[in-house]
Amino acid sequence: MKTWCSVLVALAMSGVLSSCGGGGDGGNGGGGHGTPPDLAGVWAGNWQGADPALGEVTGTWQATVNPAGTNGVAGSGFLTGDVDCMDGTLSGSASENNYTGTVNRSPCMLNEWQLRALSSQDEMASGSWTQRSTNAKGTFSGIRIARVGGPRIDFVHPASAAPGAVVTIVGSGFDAASAGSVRFGDASLPAAPLITSSTTLTVLVPNPAYTAPVAVTTTTGSRALSPRAFVADVTAPAPILAATVATSTPPRALTFSPDGHKLYVVNAGSVGLLATQANTTVIPTGSYPSRVTAAPLGVAATANGRRVYVAAGTAGIVAADAALLQPVSGESITGFATAMSATPGTAALALSPDGARLYVADNLAGGVLRIIDLGSRTFTTSQVMGTGLLPVCVAVSPDGALVLLGVRDLAGVQSDFVAVLDPLTGLVTGATIPLGLEASPVAITFSQDGTRAYVSNHGLGTVAVIDPLNRSVVSTLTGFQSPTGLALAPDGQTLLVASEADDNVTFIDLSTQERRVVPVVLPGVARTGPVAVAVSPDGSQAYVALGAGNAIVELGNSAALTIRVAGQGIGTVTSSPPGVQCGTACRARFAVGTRVALSVQPGFGSQFGGWSGSGCGSGSVTLARPGVTCTASFDNVSASTGSSGGSGCFIATAAYGSAMAPQVAALREFRDRYLVTNAPGRAFVQWYYEWSPGAAALIRRDETLRGLARAGLWPAVAAITHPASFGSAVALLLWLSLSVRRWHHRAQRGEPCSDLQER
């Protein structure tokens with residue numbers, strides 16, 4: 001009986017001392033209770049969980065929340081990562097216990113979400129999600145990255161780079177001074193501006209720069225963050241053959257998604273999708289066996305992670321949903337043929353850094369460059385290269401000011417060359433850059449600062465290093481056998497060259513010219529024929545397409561560390577060495593064997609509850625393939641008393657099942673407005689927080705007690721949410737104080753609380 005009395009005492013007290021406020025905040029206005037939180041703006045963060053078919057999955061999410069009434073959330077949202085859902089409709093409502101809703105778009109699975117904690121002070125939120133149709137479920141966390149009427153960042157390209165690299169920031173609401181107040185981590189120096197407009201900022205990555213969301217601040221003081229953390233801690237893949245994945249037909253071209261979670265593989269006639277965490281095939285599947293028809297010379301993924309463009313022969317260019325590789329109705333571009341030649345080539349497509357234009361090497365004799373405006377889906381045609389000349393490969397400078405087009409003379413009469421074109425008109429500007437007779441250029445890639453470009457010459461067995469501004473070849477790298485694909489690691493110093501004729505990939509340190517050759521061989525296969533290579537955005541791994549081996553191989557010696565966030569609170573996790581920035585970057589890859597130390601920072605009104613996961617108990621983990629997953633738990637505590645203790649959830653939250661319940665919000669508002677504003681009230685609050693967690697734990701575990709608690713709290717909630725006057729609230733407080741004192745004394749003496757029924 002004494003325990004029941006204690007519970008009832010705590011129940012009465014919780015009527016004015018509700019805590020567990022979702023990190024000290026987060027009431028909503030469901031049913032007319034409390035003030036709704038201001039959720040309007042753009043939110044972004046990380047999601048993670050388990051899928052019965054795919055296993056451990058994670059990625060990023062973004063949602064635009066419209067200003068709405070007190071009972072709902074409306075807007076748009078999409079998910080990217082191991083599993084995607086593009087162009088979804090976001091909807092939600094304030095129910096009895098929480099903000100809940102869906103992100104929905106056919107043919108993606110319906111995602112149901114529930115907000116469990118919100119901190120307006122930190123502008124952070126967390127919650128849970130489920131897919132009933134697949135039984136997949138997990139959690140999400142995120143931050144508000146833009147407010148209504150302020151600047152907004154849509155994406156940053158590239159997503160990873162070293163100091164000194166040219167980076168383009170695309171969004172809206174920028175002003176003339178925005179480029180001078182771009183920071184890559186709060187402790188970094190402002191980035192040096194190169195190009196500024198209201199929608200695009202082109203800057204140099206400062207030294208130092210940090211793995212963190214990019215921040216843009218306007219002259220009015222408005223601030224926006226990038227949806228994903230920019231990875232400044234970049235590397236190059238180790239020259240080690242790590243894994244092999246078979247393909248049904250010869251692969252010819254590769255590209256990564258901007259987050260590095262997926263690899264798009266152009267095979268002879270179609271495109272496939274590989275999850276890079278465990279090298280599992282995502283597309284094709286039994287549900288989506290059909291794929292985009294493709295010619296084998298080009299694929300490009302957009303920097304926002306939502307579309308993949310594929311060269312499709314006489315069909316022109318097919319726009320595919322990046323999640324399922326299904327054609328997007330109305331977004332494909334026709335009216336020309338592309339990638340129809342049998343000449344070697346893997347880079348017939350290139351996107352402008354701002355994502356506005358797609359450049360297509362229309363490699364037919366006497367061909368041209370097609371400049372596609374992706375907004376209007378119309379195209380401009382460059383000047384004709386000339387009779388018998390074949391455009392093969394294309395690249396765009398990091399600042400978008402130049403387009404390089406590799407051109408081959410089929411007759412071998414004149415030197416093959418690189419033409420420098422205007423990115424808007426397609427006119428050749430200045431002299432062409434000769435490569436040599438029958439050089440047969442196959443691929444072009446720029447350095448991160450745009451001062452150099454590298455061209456693989458399949459016919460000469462060389463890689464030409466060119467100065468695009470001065471229109472000249474400044475040096476030549478020799479010793480290759482039919483070089484094809486090129487890729488520059490994001491460290492800016494490591495160039496990978498795939499050699500088709502001698503079945504290897506060469507790693508070149510551009511600062512020292514040191515080389516490491518990796519033979520790419522398969523058991524029982526006489527010849528593999530590497531034709532294309534792609535490096536992940538963070539530089540930890542690379543993939544090589546084996547055109548003669550019907551396979552792709554992974555290069556590197558890295559493993560993924562995935563952080564999951566659990567509990568009823570809010571917090572962030574970072575790592576040393578850097579890489580994890582969770583919130584927005586909850587997966588990072590490190591060299592196998594690396595000891596990674598994890599640090600936590602609870603949000604306002606939350607505390608860290610501990611680590612779980614194999615080998616994660618101390619918050620320090622050693623990486624092994626295929627990867628490690630650690631879970632950080634955060635609990636809610638009172639933000640009003642400044643106490644670091646507490647069970648993580650108090651009575652009203654236990655009764656109503658959520659810190660976001662409108663009844664909890666109303667009670668919390670009463671506490672903050674009338675109790676903690678005076679010394680007696682603060683002392684009262686402190687006393688309550690010392691003994692109420694135990695009672696909350698009892699209520700939370702028993703549905704009967706939860707029902708009794710809700711019934712007992714009803715008079716307090718009704719009086720607070722519908723007061724006839726301030727005096728009624730004062731009278732309620734006096735009644736509760738006297739009643740609690742009587743009940744507390746009886747509880748101490750072990751007497752029954754039968755007189756509660758009289759109340």
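As the structure is a computational prediction, the values presented were derived from the model and not from experiment.
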Ignoring hydrogens and geometry beyond distance, is a side-chain donor-acceptor pair present between R587 and T562 at under 3.5 Å?
yes
Working for side chain to side chain contact (heavy atoms under 4.5 Å, CB included), residues V403 and D422:
CA-CA 6 Å; V403 175; D422 180 277; over 6 Å; no
Polar contact flag, side-chain donor to acceptor under 3.5 angstrom, N267-S270:
no
Derivation of the side chain to side chain contact (heavy atoms under 4.5 Å, CB included) call for I552 and L263:
CA-CA 11 Å; I552 60 173; L263 182 76; 3.8 Å; yes
Between R452 and S447: side-chain donor-acceptor atoms closer than 3.5 Å:
no
Has the side chain of T255 got a donor or acceptor atom that lies under 3.5 Å from a matching backbone atom of A300?
no
Keeping the roles fixed (side chain from S352, backbone from R357), state whether a donor-acceptor pair exists under 3.5 Å.
yes
Contact check, side chains of L369 and V394, non-hydrogen atoms, under 4.5 Å
yes
From D538 atom CG to S160 atom OG, the distance as rounded to the nearest 0.5 Å:
6.0 Å
Considering non-hydrogen atoms only, spot the tightest contact between A243 and N279 and give its length.
CB-ND2, 3.4 Å
Give, for atom CG of L546 and atom CZ of R252, the distance between the pair rounded to the nearest 0.5 Å.
11.0 Å
Does N46 reach the main-chain N or O of G59 with its side chain, forming a donor-acceptor pair under 3.5 Å?
yes
Nearest-0.5 Å distance, OG1 of residue T425 to CD1 of residue I371:
6.5 Å
Taking C-beta and beyond as the side chain, do F446 and I466 meet within less than 4.5 Å on heavy atoms?
no
For the side chain of S397 and the backbone of G450, is there at least one donor-acceptor N/O pair under 3.5 Å apart?
no
Nearest-0.5 Å distance, CZ of residue F155 to OG of residue S226
12.0 Å
Answer yes or no: is there a side-chain heavy-atom contact under 4.5 Å between P227 and I145?
yes
Just do the side-chain hydrogen bond (donor to acceptor under 3.5 Å, both in side chains) check on T60 and T80 with the steps written out, would you?
CA-CA 5 Å; T60 57; T80 61; 2.7 Å; yes
Heavy-atom pair with the smallest gap, counting every atom of S558 and S540:
OG-O, 3.4 Å
Between R377 and E331, is the closest basic N to carboxylate O distance under 4.0 Å?
no
Check whether any side-chain N or O of T445 sits under 3.5 Å from a backbone N or O of Y454 as a donor-acceptor pair, and report yes or no.
no
Go through the steps to decide whether L254 and V533 satisfy the test side chain to side chain contact (heavy atoms under 4.5 Å, CB included), and finish with yes or no.
CA-CA 7 Å; L254 308 169; V533 59; 5.8 Å; no
Evaluate the ring planes of W61 and F140, with Trp represented by its six-membered ring, and classify them as parallel (under 30°), tilted (30 to 60°) or perpendicular (over 60°).
perpendicular
Tell me if a side-chain donor or acceptor on S197 pairs with a main-chain N or O of T200 at a distance below 3.5 Å.
yes
Heavy-atom pair with the smallest gap, counting every atom of R144 and W43
N-CE3, 3.4 Å
Mark yes or no for whether T168, through its side chain, and T202, through its backbone, hold a donor-acceptor pair below 3.5 Å.
no
Atom of T484, atom of H458 and distance for their closest heavy-atom approach:
CG2-CD2, 3.4 Å
Grab the two heavy atoms, one from A146 and one from P151, that are nearest each other, plus how far apart they are.
CB-O, 3.4 Å
Do I317 and F379 have side chains that get closer than 4.5 Å, going by heavy atoms?
no
Over all heavy atoms of both residues, which pair between L349 and A311 is shortest? Give the atoms and the distance, please.
CD1-N, 3.6 Å
Residue pair I372 / V360, side-chain heavy-atom distance below 4.5 Å:
yes
V396 and L351, any side-chain heavy atoms less than 4.5 Å apart
no
For the CG atom of D154 and the CD atom of Q62, what is their distance to the nearest 0.5 Å?
7.0 Å
Side chains of I169 and V182 in contact at under 4.5 Å (non-hydrogen atoms)
yes
Quick one: do the D416 and S440 side chains pair a donor with an acceptor below 3.5 Å?
no
Answer whether the closest heavy-atom distance between the side chains of F417 and L389 falls below 4.5 Å.
yes
Between Q277 and H261, do the side chains contain a donor N or O and an acceptor N or O under 3.5 Å apart?
no
Regarding R370 and T381, is there a side-chain donor-to-acceptor distance under 3.5 Å anywhere?
yes
Could you tell me whether the side chain of T244 and the main chain of V553 form a donor-acceptor pair under 3.5 Å?
no
Check: L274 main-chain N/O paired with T281 side-chain donor or acceptor under 3.5 Å
no
Apply the test side chain to side chain contact (heavy atoms under 4.5 Å, CB included) to residues V544 and E554: give CA-CA distance (whole Å), side-chain angles for both, the deciding distance (0.1 Å), then the verdict.
CA-CA 7 Å; V544 182; E554 179 192 357; over 6 Å; no
So how far is it from I283 CD1 to L324 CG, rounded to the nearest 0.5 Å?
5.5 Å
Is W47 reaching over with its side chain to a backbone N or O of W129, donor-acceptor style, under 3.5 angstrom?
no
Test of ring centre spacing under 6.0 Å for F256 and Y543:
yes
